[in-house]
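Computed from a predicted structure; not experimentally measured.
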Amino acid sequence: MPTTLLAFLGACTLIAASPGPSTVLIIKQSLHSRRSGFLTVLGNETGVFIWGVVAALGLTALLTASEIAYDVMRIVGAAVLVAFGVQALRQARRAKGAAADEGWESTGRTGWAAYRAGLLLNLANPKAAVFAMSFLPQFVPEGAPHLPTMVGLAALWAVYEIGYYGLYVWFVGRLRSVLSRAGVRRRLEQVSGGVLLLLGVRMALES
């Protein structure tokens with residue numbers, strides 16, 4: 001079991017290190033505040049755990065078996081990515097000409113909004129569901145009870161990624177003196193918005 005857990009955590013590290021929509025959103029939200037970034041991480045990892053439980057119950061197979069269901073989820077996921085991208089570009093436009101430290105702690109950005117953004121982005125991604133179904137069973141030891149083991153692995157995966165992505169939030173916070181400059185923040189918002197838009201378009205066009 002210890003060897004299996006080490007291999008599992010190693011795989012989790014490689015997964016978290018792979019750039020994707022969640023990474024972009026976490027960094028984008030962290031530009032506003034550490035609190036916003038960390039709550040986005042918690043939302044994202046709640047989604048990871050939910051998909052893990054769904055996979056453990058065997059319900060993810062229903063998604064892969066139905067092409068219509070998968071396509072609907074894919075289009076919804078693409079729309080969510082595009083919406084986040086447009087939001088980032090609008091924020092960059094509003095930040096134009098603002099004071100250097102203005103809007104770092106956005107008064108209109110509630111903790112629930114940040115958490116919901118991370119959760120929604122993860123749950124709207126059908127690839128996350130399919131990946132959980134194919135990833136977690138590989139680390140269930142032979143003879144171990146399937147359901148509780150997979151749920152436990154899903155929880156460990158989520159907790160581990162909270163720590164991993166928490167480093168991103170901490171690092172962005174450490175660079176606050178640089179990133180809080182209006183021009184730098186505007187450019188980063190533009191880049192993150194553009195990336196999210198492209199990822200949304202790509203997801204929509206995938207078959």
**Message:** Under the side chain to side chain donor-acceptor pair (under 3.5 Å) definition, can you give me all pairs with a residue in residues 125-145, not counting sequence neighbours?
**Reply:** Lys127-Glu206
**Request:** Quick one: which residue pairs count as a side chain to side chain donor-acceptor pair (under 3.5 Å) with a foot in residues 151-160, not counting sequence neighbours?
**Result:** Thr13-Tyr160, Trp157-Glu161
Could you state whether [X] and [Y] fall into the same hydrophobic cluster, counting links through intermediate Ile, Leu, Val, Met, Phe, Trp or Tyr residues with side-chain heavy atoms under 4.5 angstrom apart?
X: Met203; Y: Ile75; result: no
X: Val172; Y: Ile26; result: yes
X: Leu57; Y: Met133; result: no
X: Val24; Y: Leu167; result: no
X: Leu147; Y: Val54; result: yes

Nearest non-hydrogen partners of [X] and [Y], listed with the distance:
X: Ser192; Y: Lys28; answer: OG-CG, 3.8 Å
X: Phe139; Y: Ala11; answer: CZ-CB, 3.9 Å
X: Ala132; Y: Pro137; answer: O-CD, 3.9 Å
X: Met73; Y: Leu123; answer: CE-O, 3.1 Å
X: Pro126; Y: Ala124; answer: CD-O, 3.3 Å
X: Gly52; Y: Ala154; answer: CA-CB, 3.7 Å

Test side-chain contact (heavy atoms from CB on, under 4.5 Å) applied to [X] - qualifying residues, sequence neighbours left out:
X: Leu156; value: Leu5, Phe8, Leu9
X: Leu14; value: none
X: Leu199; value: Pro21, Leu81, Val195, Arg202
X: Leu42; value: Phe38, Leu39, Tyr115, Ile162

Just how far is it from atom [atom1] of [X] to atom [atom2] of [Y], taken to the nearest 0.5 Å?
X: Leu175; Y: Leu31; atom1: CG; atom2: CG; answer: 10.0 Å
X: Leu153; Y: Met150; atom1: CG; atom2: CE; answer: 7.5 Å
X: Leu25; Y: Gln87; atom1: CG; atom2: CD; answer: 8.5 Å

**Complete:** Sorted by chain and number, sequence neighbours left out, side chain to side chain donor-acceptor pair (under 3.5 Å) with Ser22 holds for Asn44
**Message:** Checking Phe49 now: which residues fulfil ring-ring contact (aromatic ring centres under 6.0 Å, His included) with it, not counting sequence neighbours?
**Reply:** none
**Asked** Quick one: does Arg74's side chain have a donor or acceptor within less than 3.5 Å of a partner on Ala204's backbone?
**Response** yes
**Message:** Within the 4.5 Å heavy-atom criterion, are Glu45 and Tyr165 side-chain neighbours or not?
**Reply:** yes
**Sub-4.5 Å side-chain heavy-atom contact between Pro141 and Thr149** = yes
**Working for side chain to side chain contact (heavy atoms under 4.5 Å, CB included), residues Arg35 and Gln29** = CA-CA 9 Å; Arg35 178 174 178 269; Gln29 298 284 65; over 6 Å; no
**Asked** How does the hydrophobic cluster around Leu197 look, that is, which other residues are in it when side-chain heavy atoms under 4.5 Å mark a link?
**Response** Val82, Val86, Leu89
